[in-house]
Protein chains: 2
Amino acid sequence: MRPRDESKISAINEKAIEMIADEGLENFGINKLARAVGVSPATIYIYYPDKDELINQISISEGLKMCSAVLDGFDENMNFEEGLWIQWQNRASYAMANQRGTRFFDQLRHSTYKERMQEAIGEEMKKKAGGFVKNAIKRGEINDMPMEVYWSVAFAPLYSLVKFNEDGYSLGGRKFKLTQKIMKETFSYVIKALKK
Amino acid sequence: MRPRDESKISAINEKAIEMIADEGLENFGINKLARAVGVSPATIYIYYPDKDELINQISISEGLKMCSAVLDGFDENMNFEEGLWIQWQNRASYAMANQRGTRFFDQLRHSTYKERMQEAIGEEMKKKAGGFVKNAIKRGEINDMPMEVYWSVAFAPLYSLVKFNEDGYSLGGRKFKLTQKIMKETFSYVIKALKK
DNA sequence: AAGATAAGTGAGCGAGCGCTCATTTAAAAA
DNA sequence: TTTTTAAATGAGCGCTCGCTCACTTATCTT
């Protein structure tokens, strides 16, 4: 029998990410995607049962990719400040090196497709980063607090900076650029907030 | 001449917000909207030149509504902790009282429609809340820092909590509910981060 | 009451949507 | 080499999309 053309599959996946990141979820379509990749619409349906599942599956795999990038070189037994800083650096590096993936991810995080992706990522993150926080609490480095409070204080500022950087949005006059210096500055505030 | 039926206009606007909030931007359409409101598609085009402008205008007005709600009872000469806390409370109250508006807002913040809305809101916020931060810096209550860093530390955690609350998402086992107690707890971390 | 004007309509245009099917193509198994 | 199998195709289905237009309706001015 004829084997799957794996390069075709990844071409479909990558083009889908590109189109959603660049033109928005609301302008994404299967026929358009097929034309852009250079395959028949029917070919896409060999690999995905329908449009929703295509988006779900791609979002999950892209989410897990980002997840593992964020946790690279990270160990849940690290001391708090060091471990959190590694996650910050990883997240920022990923955002810089993979702007398209970040924009894609951001489109889905607030769409009707978020549930499946959050499930997959949440599970992964809970396993690997959850223990880290519990260790820090046990060691008395930070207060005991709900996970949602922890996440909101420890990571929401970073994600906000990354988004400012993506958008090139300016609250001040000039265009914002997320430098290492600014990241360290913001990180120091977050550490001040969390450390006892 | 026949006058505009203002109740019809607001019915269109409210239904559009409802549909986008509930079904997502990618499932929103003019024919669908017209059917749901009980008017002709053509009627909608009396008030809006096209679909994009409808979304833009509604998003701007909804954004400004939220803006003024957040700044209610707020004065830029307040001391830092008090002024920030009022904005936090206002934002949370708005989110609780107007969940649909918040979900609508969240759909657009990361879509291709974000620019126009951010322009309008950014302008409004810069005027009224920008002076507040500069005062706090001048008084020596907080460090001088880029506006993006300030926003990311001062507000991103709150918006993150609001989103956890909206989604009913659970990082811990049970469903998350944004209580006054949790908000105060998180606020105390943010204040600890920012105050000298 | 008549005329003027803009609000409001319903049918439907062309285009593009998600998706399917009869068919062809390519590579593994025989 | 022939057979078998699934990958891959392209035309096109039924439908909905954003949007328009010839027309009717309601309310104002005269």
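In the text below, chain A, chain B and the rest are named by the order of the sequence lines, each starting its count at 1.
Checking each of A:Ile20, A:Asp167, A:Asp22 against A:Arg103 for a side-chain contact (heavy atoms from CB on, under 4.5 Å) leaves exactly one that passes, namely A:Asp22.
Considering only the side chain of A:Pro41, D:dG10 comes nearest among D:dG18, D:dG10, D:dA8. Nearest nucleotide to the side chain of B:Pro3, out of C:dT9, D:dT27, D:dG10: D:dT27. Of the candidates D:dT9, C:dG8, D:dG18, the closest approach to any side-chain atom of B:Ile46 belongs to C:dG8. For A:Asp5, counting side-chain heavy atoms from C-beta on, the closest listed nucleotide (D:dA8, C:dT9, D:dC17) is D:dA8. Taking only side-chain atoms of B:Tyr47, from C-beta outward, the nucleotide of D:dA8, D:dG18, C:dG8 with the closest atom is C:dG8. Of the candidates D:dT9, D:dG18, D:dA6, D:dA6 carries the atom nearest the A:Arg2 side chain, counting heavy atoms from C-beta on. For A:Ala42, counting side-chain heavy atoms from C-beta on, the closest listed nucleotide (D:dG18, D:dG10, D:dA26) is D:dG10.
Shortest non-hydrogen contact noted between A:Asp75 and A:Phe132 is O-CD1, 4.4 Å.
Sorted by residue number, the list of members of residues 11-29 of chain B with any non-hydrogen atom under 4.0 Å from DNA chain C is empty.
Ring centroids of A:Trp151 and A:Tyr159 are separated by less than 6.0 Å, placing the two rings close together.
Residue A:Asp50 places no side-chain atom within donor-acceptor reach of the base of C:dC19, judged by atom type and a 3.5 Å distance cut-off alone.
In this structure, B:Ile55 atom CD1 and D:dC17 atom P are separated by 13 Å, rounded to whole Å.
For A:Lys32 and C:dA15, the shortest distance from a side-chain N or O to OP1 or OP2 is not below 4.0 Å. For C:dT9, the OP1/OP2 oxygens have a side-chain nitrogen or oxygen of B:Thr43 closer than 4.0 Å.
For the pair B:Lys195 and B:Glu81, the salt-bridge criterion is met [side-chain N within less than 4.0 Å of a carboxylate O].
Not one N or O on the side chain of B:Asp72 forms a donor-acceptor pair closer than 3.5 Å with the backbone of B:Asn90.
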